[in-house]
Amino acid sequence: MFLGHFGVAFGTKTRQASVSLGTLFLATQFADLLWPTLLLFGVEEVTIQPEQVVPFKFVSYPITHSLLLDLLWGLGLGLGYWLLRRNVRGAVLVGLLVPSHWLLDLVVHVPDLPLYPGASPLFGWGLWNYPVATQLVEAVLFGGGLWLYVRRTQARNRAGRYGLWVLVGLLVLVHVSSLLGPPPASVTALAWMGQTLWLVVILAYWVDRNRTFRTGPAGAAGTPPAFHPSIV
Ligand SMILES: [Zn+2]
């Protein structure tokens, strides 16, 4: 699951205008943002299997991809958000989005997702074995979330207008190239590629600062947009 996580973040923005899209990206993708660093330190493990439909075997990733730890990371991130912003609703959303990653991954992964570190049973409904269905789910989640975001926000300037489409284009490009391109040459290469996800989060913060939340009905002519600066 790649685009689907971002779709959830885009959609959530429409529920809580004051939380930056960057923070929502950070929350939904926290597991995949942390994962490359733990791969580089050898704490979590993946192997590349180029001959398979899914070219990765997630050997061990209990810190980033166990349900228990994702719930705890969510608690931590939600608490951190509350301390920074004193926004209870925003903090709850941020806290829930972190384990939403596990639930979405559950749909597509083959059984490799643990409930907790250690000798946990592994879960995964294996939609990845059905590539067309997987892409359909990704497209519906991403397209649906983005549609909600575009409908409920509007650009304050050119950065907000074109920045959003640069962001969307970048996400789609990464997704398509991972589908069609050759698998990474090594786990180290994969991990460094994964670190570039942080740039997407930074870009989302910047795009979000250059867009405002509409107050009136979506697209209502003459409704002056209210400016809600969303810093974090
Ligand atoms: Zn993941």
Side-chain angles (χ1 to χ4, degrees), residues 1-12 22-49 52-77 94-117 120-131 133-142 145 170-172 174-179 183-184 187-201 204:
M1 182 72 64
F2 180 72
L3 289 180
H5 297 300
F6 294 105
V8 170
F10 273 122
T12 306
T23 302
L24 299 172
F25 273 21
L26 179 73
T28 54
Q29 282 289 47
F30 189 74
D32 285 358
L33 284 161
L34 193 60
W35 182 61
T37 300
L38 296 193
L39 285 181
L40 288 172
F41 282 104
V43 177
E44 297 201 331
E45 199 185 333
V46 68
T47 53
I48 298 169
Q49 39 184 24
Q52 301 289 320
V53 183
V54 182
F56 306 109
K57 183 170 168 51
F58 301 96
V59 180
S60 167
Y61 53 177
I63 296 171
T64 59
H65 282 78
S66 71
L67 179 59
L68 177 67
L69 267 285
D70 281 353
L71 286 167
L72 291 176
W73 287 123
L75 200 67
L77 229 65
V94 167
L96 288 175
L97 281 180
V98 177
S100 83
H101 185 101
W102 192 91
L103 288 176
L104 287 191
D105 275 6
L106 175 71
V107 178
V108 292
H109 279 230
V110 293
D112 57 32
L113 292 159
L115 292 180
Y116 46 84
S120 164
L122 302 173
F123 293 88
W125 297 342
L127 195 66
W128 269 341
N129 292 316
Y130 308 92
T134 303
Q135 293 318 311
L136 206 67
V137 169
E138 293 259 26
V140 167
L141 282 170
F142 186 68
L170 190 67
L171 289 172
V172 172
V174 169
H175 181 66
V176 171
S177 59
S178 78
L179 280 179
V187 171
T188 307
L190 169 68
W192 282 112
M193 257 157 50
Q195 298 287 22
T196 58
L197 207 57
W198 288 101
L199 298 178
V200 171
V201 175

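Remember, it's 1-based here, ligands and their atoms both numbered in the order they're listed. One is the number of the first residue; the rest follow in order along the sequence.
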Exercise. Please find the N/O/S atom of D105 nearest to the Zn ion (ligand 1) and write down its name.
Key: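 When I compare the N, O and S atoms of D105, OD2 is nearest to the Zn ion (ligand 1).
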Self-check item: Among the N, O or S atoms of D32, the one nearest the Zn ion (ligand 1)
Solution: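 This residue's closest N, O or S atom turns out to be OD1.
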Quiz item: Taking M1 as the fixed residue, which of L106, V8, V137, T28 is the one that meets the side-chain contact (heavy atoms from CB on, under 4.5 Å) rule?
Solution: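 Going through L106, V8, V137, T28 one by one, the side-chain contact (heavy atoms from CB on, under 4.5 Å) with M1 is satisfied by V137 alone.
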Self-check item: Angle at the Zn ion (ligand 1) (to 10°), with one arm to NE2 of H65 and the other to NE2 of H101
Solution: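 That angle works out to 100° after rounding to 10°.
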Quiz prompt | ring-ring contact (aromatic ring centres under 6.0 Å, His included) partner of H109, the single match among F123, W102, F58, W125 | solution = F58
Quiz item: Would you find more than 12 non-hydrogen atoms of other residues, nucleotides or ligands less than 6.0 Å from Y130 atom OH?
Solution: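 It does not: Y130 OH has 12 such atoms or fewer within range.
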Quiz item: Regarding D105 and H65, is there a side-chain donor-to-acceptor distance under 3.5 Å anywhere?
Solution: yes
